2 protein chains.
Amino acid sequence: MSTSEKSGYHHGDLRAALLTTAMQMLEAGESFSLRAVARGAGVSATAPYRHFADRDALESALAGEGFRDLRADLVGDGELPASLDDLAEFGVAYVSFALRRPALFRLMFGTPCDDENDERVRAAAALNELLAQALAQVAPGADAGALADAGWGLAHGLACLYLDGKLVAGSSGEVEARVRAAFAAVTANVG
Amino acid sequence: MSTSEKSGYHHGDLRAALLTTAMQMLEAGESFSLRAVARGAGVSATAPYRHFADRDALESALAGEGFRDLRADLVGDGELPASLDDLAEFGVAYVSFALRRPALFRLMFGTPCDDENDERVRAAAALNELLAQALAQVAPGADAGALADAGWGLAHGLACLYLDGKLVAGSSGEVEARVRAAFAAVTANVG
DNA sequence: AGGCGAAAGTAAGCAGTGTCAACATCGGAG
DNA sequence: CTCCGATGTTGACACTGCTTACTTTCGCCT
C-alpha cells in the first residue's frame, strides 16, 4: 500500500493503474474503450487524457509492454539459440505467445503502427535485434539478413494464421508440434 | 446504366453498391463506417441492414472478395508453381497484394474471424487448398503438410511485417528482392 | 506556516458510431 | 386492381473518442 489510493481525488498512480486495467481487459475479453478503462480504474472518463494524449498513446504503451514480454518469453532461459533446433523453439515460443495473449498480439501488430511512440519503437527494435543476433549465431555462414527475415517471417506468419484460425490444430501441443515441423521442413539443410 | 437507380426510393441493387463503395473506401483511405458506406451509396444509415445482418457481415463479404482477388493474383498466369523459384514468386505476389491493398489485407486477416460466414470461409479454404496443391507439386517427397504450413506462414509473416513497418524496405522492388532472398535462404536444399 | 501555481481530477457537451423499432413506399403476384 | 412483402426511411438509444471549462489537491517557495 505504498503507491495507491491516497486521498480519493488524486489517484496516486493513475497511469500505471490505467495500463494495468487495460491489459487485464485485453487478456480477459477482447476490445476495450478508453471510457471503460477509466471506469475500471474508478476514475472519470476524461482523466486518462492527463496521462495519454489519445487512445493510440495508451495502445502504444500496451504494445510496448507486449514487446518486452514477448522478448522475455523468447529469451526465457537466458540463452540465445545455438542450433537450428533451438531456433525452432524460438518459433514455438513466438506462436505460443500469440495464442496465449491474442488480443495483445493483435494490438502489437494488427494496428497501423504510429512510429512516433519512442517506447514502442524501441521495444520493437530490441525484439528485432534479438532475432537477428540469434539468427546470425545459428548460421554464421549464410546470408544473415535473408535468414533473419525468413526466421521472423515464418514465426510471425504461423502465429497470425493460427490466431486467425486459418491454420487449425486441436490442442496447443499439436500447434507446437506443427510449428516445429514447419521449421524443420525449412531448415533441413540450411547452413 | 442497367442495374442502377431506377426510382430513387428503391435502389435497384443496393447490396452490390454497398460492397463497391465499401471496397473503394478501403482502397482509398483506411477505415470505414457503416454509415459512411450508406452515405456513399446515397442511402439512409440503416438501409444496409436490409442486406447485411451487421457490420461484421459486410466486412466478411469484403474479406471474401479479398480472398478471391488474392487467389486470382497468385494464380495470375494460370499455372501452379513447378519449382522452388516459382514458389518464391508466389510469396512475392502474396506480399505485393498485402502492400498494394493494405486495408483489405488487414480486414481479411487482422479481424477475429467469425467462422459463421460461409462465403468467407469457403474463399479462405480455396486459397488454402491452392497453396497446398502448389507446395505438394513442388516438393512431392517432403512432408507436404509441414512444407505447406511453412510456405504460407513465411509469405504471410513477411506480408504482415512489411505492412506494419516492422521490416522496412525503400522501394517495392526492394521488397520483392528481399522476399525472394528470404525464400531462397530457406528453400536452399529442400526436397 | 501560509499561499500560490501547476498538476491531476471532474463535469458537460459535441460529433460520430452501430443498432433497433416503427413507419413509408413500391414492385410484382394473385 | 389490390394487397403484401421486400426494401428504404425516420427517429431514437447507448456508446465511443475527444475538447473545453471548471475544481481540487499537491508541493514548493518565501
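Keep in mind that what you see is a predicted model, and the values were worked out from it rather than measured. Only heavy atoms go into these numbers, but all of them, side chains included; no hydrogens, no water, no symmetry mates. Sequence lines set the chain letters: A, B, ... in the order given, protein chains first and strands last, and positions in each chain run from 1.
Closest approach to the A/L14 side chain among C/dG9, D/dC18, D/dT16 is made by C/dG9 (side chain taken as heavy atoms from C-beta onward).
Evaluation of the salt bridge (Lys or Arg N to Asp or Glu O under 4.0 Å) rule for A/R15 yields no partner, not counting sequence neighbours. For A/E174, the side chain to side chain contact (heavy atoms under 4.5 Å, CB included) partners two or more places apart in sequence, or in a different chain, are A/A169, A/S171, A/R178. Residues passing the salt bridge (Lys or Arg N to Asp or Glu O under 4.0 Å) test with A/R101 are A/E27, A/D69, sequence neighbours excluded. The salt bridge (Lys or Arg N to Asp or Glu O under 4.0 Å) check on B/R39 picks up nothing, with sequence neighbours excluded. Taking B/E59 as the reference, B/R55 meet the side chain to side chain donor-acceptor pair (under 3.5 Å) condition, with sequence neighbours excluded.
B/R39 comes within 4.0 angstrom of sugar-phosphate atoms only, judged by non-hydrogen atoms across all strands, and of no base.
The distance between atom CZ of A/R55 and atom P of C/dT17, rounded to the nearest whole Å, is 16 Å. With rounding to whole Å, B/L34 atom CG is found 14 Å from D/dG8 atom P. Rounded to a whole Å, the CG atom of B/D13 is 17 Å from the P atom of D/dA6. For the pair B/Y49 OH and D/dT9 C1', the computed distance is 15 Å after rounding to whole Å.
Contact between the side-chain N/O atoms of B/H51 and the OP1/OP2 oxygens of D/dA6 is not found at any separation under 4.0 Å.
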For nucleotides 10-14 of chain C, print each protein N/O atom paired with a nucleotide N/O atom at under 3.5 Å, atom names and distance only.
residue	atom	partner	partner atom	Å
C/dT10	OP2	A/S44	N	2.6
C/dT10	OP2	A/S44	OG	2.7
C/dA11	N6	A/T46	OG1	3.2

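Contact annotation: the side chain of A/F90 never approaches that of A/D86 to less than 4.5 Å [non-hydrogen atoms, C-beta and beyond].
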